[in-house]
Amino acid sequence: MTDGGLNTAALRGSCTVVVGCQWGDEGKGKVVDVLAGGAHVIARYQGGANAGHTVLLGDRQFILHQVPSGILHPGKRCLLGNGVVVDLVQFFGEIDRLAERGVDPRGRVGLSTRAHVVFPYHMALDHAAEEAARRKIGTTGRGIGPAYEAKTGRRGVRVADLLDRRRGAERIARGIEWARRRLRDLGADEARAGTVEEAMAVAGRVPEVATDVGREIARALAAGKRVLLEGAQGTALDVDHGTYPYVTSSNTTAGAAAVGAGIGPTAIDSVVGVVKAYTTRVGNGPLPTAFDEAMDERVRELGGEFGATTGRPRRCGWFDAAVGAYAARVNGLTGIAVTKLDVLDTLPEIRIATGYRLRGEADIPFPATAWELDAVEPVYETLPGWQAPTTEARRLSDLPRNARAYLHRIEELVGTPIAMVSVGARRSQVITEP
Ligand code: IMP
């Protein structure tokens, strides 16, 4: 919008990554839902049931944890790539619930044979580790960390293993043995690891969905079809680039999209970064631009900022352009989508953190450690609010002048053109025109 308009080129790629640029919950589900209308294939590339994508279809709300948000568009193929860790009970439950609510997922959902499976014993380990920890991460309790640990420790069980029941059961039995030892070490009841039978509960349904995701995507692209790669969580939760150790256990950033979907990086031609018009964080770890208590409560209520997976209240704060600019760099963004602008409609003034100061030093780069991020002082700029509803705006020019100025400042500070603005939960409440 540098020239007074939006720069929507990023929305028209043949292979587009949609990536979170804060601490997750940026509204990626909504952005993917909007873009999925023009795509043929939508694939998730990392994370698992820790994600919660909320999408409104008419008056009906859908919260999807594992199936890509594109499923709500008839006829789209929705895939889970090898980089995902899948809880099969949850996954098939989600598919069945969609079918009950009239969204027919049959034949439209594919799961990579190379994806790793999250079993009840991973969840038991996740809970036991958090209970035993002095420094708690505040995980979602979905077994994500232990499942990725098993993967990199070469102890994991993949979807392909479950296509051979005997082999699958053997690998699960070894996983349970390992989990029982670990639970014992953590001072937890080892029976919490459960049994092979429990872990195999829905394994019989795997052939319905198992596929070679990388091959499917490569074929779709070769046939001129458009592909969306849907990230989960956000840049500041990336295991390498986030606020370690207060992160999730996967690479959430755009580079992981190629690895986690099973394609080469040169296939990707656009990267849309999703930023909320303010900042939220759920789980532990630093949040430099956190509001004071009263404002925190006000914005949480206005924005409905409660975790879609755990129901936990999210901490809220001002827009942090230091995180935004960092995300632009590590993801190679070609455009940004700003969501939930309407949540700020009633505020008399709005602050933006333009950077950080640390021990008297200004303009420091985004720190590598959580303790430094805890110690930074954000440098704020204050902009006038617009104090008018934006929820009916469908073009950028419909927005109040101060709202456009706010967006313009975000764009300048993040250093990436704005391609889309969302002003409400509905599919129609989106601005993609000047
Ligand atoms: P885990 O991914 O469950 O291991 O949790 C690790 C950290 O990531 C915790 O701070 C969680 O609150 C956070 N987290 C995981 N998934 C999401 C998400 O989808 N949105 C926001 N935060 C998340």
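Counting starts at 1 for both ligands and their atoms, in listed order. Note that the structure is predicted; figures quoted are calculated from it, not measured.
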For Glu297, I'd like to know if atom CD has over 12 heavy atoms of other residues, nucleotides or ligands within 6.0 Å. no
What protein heavy atom lies closest to atom 5 (O) of ligand 1? Include the residue and the distance to one decimal. Thr139 CA, 3.4 Å
Give a yes/no on ligand 1: does Gln233 have at least one heavy atom closer than 4.0 angstrom to it? yes
Donor + acceptor pair across side chains of Asp345, Thr390 (<3.5 Å): yes
Which is it for Val117 and Asp161 under the side chain to side chain contact (heavy atoms under 4.5 Å, CB included) test, yes or no, and what are the steps along the way? CA-CA 10 Å; Val117 181; Asp161 296 321; over 6 Å; no
Would one find more than 12 heavy atoms of other residues, nucleotides or ligands at under 6.0 Å from atom CZ of Arg114? no
Check each of Gly138, Gly48, Gly47 against atom 9 (C) of ligand 1 and report the one with the nearest heavy atom. Gly138
Which protein heavy atom lies closest to atom 21 (C) of ligand 1, and at what distance to 0.1 Å? Asp25 OD2, 3.1 Å
Compare Asn50, Ile137, Ile144, Asn284 and give the one whose heavy atom is closest to atom 19 (O) of ligand 1. Asn50
Straight-line distance of Arg142 CZ to His122 NE2, nearest 0.5 Å: 15.5 Å
Quick one: does Val247 get a heavy atom under 4.0 Å from ligand 1? yes
What do you reckon, does Ser249 put a non-hydrogen atom under 4.0 Å from ligand 1? no
Of all the heavy atoms in Arg312, does at least one lie under 4.0 Å from an atom in ligand 1? yes
Non-hydrogen side-chain atoms of Thr139 and Ile144 separated by less than 4.5 Å: no
For residues Thr211 and Glu216, is any side-chain donor paired with an opposing acceptor at under 3.5 Å? yes
By number and element, which atoms of ligand 1 are closer than 4.0 Å to a non-hydrogen atom of Leu237? 8 (O), 13 (C), 14 (N), 22 (N), 23 (C)
Among all protein heavy atoms in this structure, tell me which lies nearest to atom 3 (O) of ligand 1, with the distance rounded to 0.1 Å. Thr140 OG1, 2.6 Å
Where's the contact between Tyr246 and ligand 1, heavy-atom distance under 4.0 Å: side chain, backbone, both or neither? neither
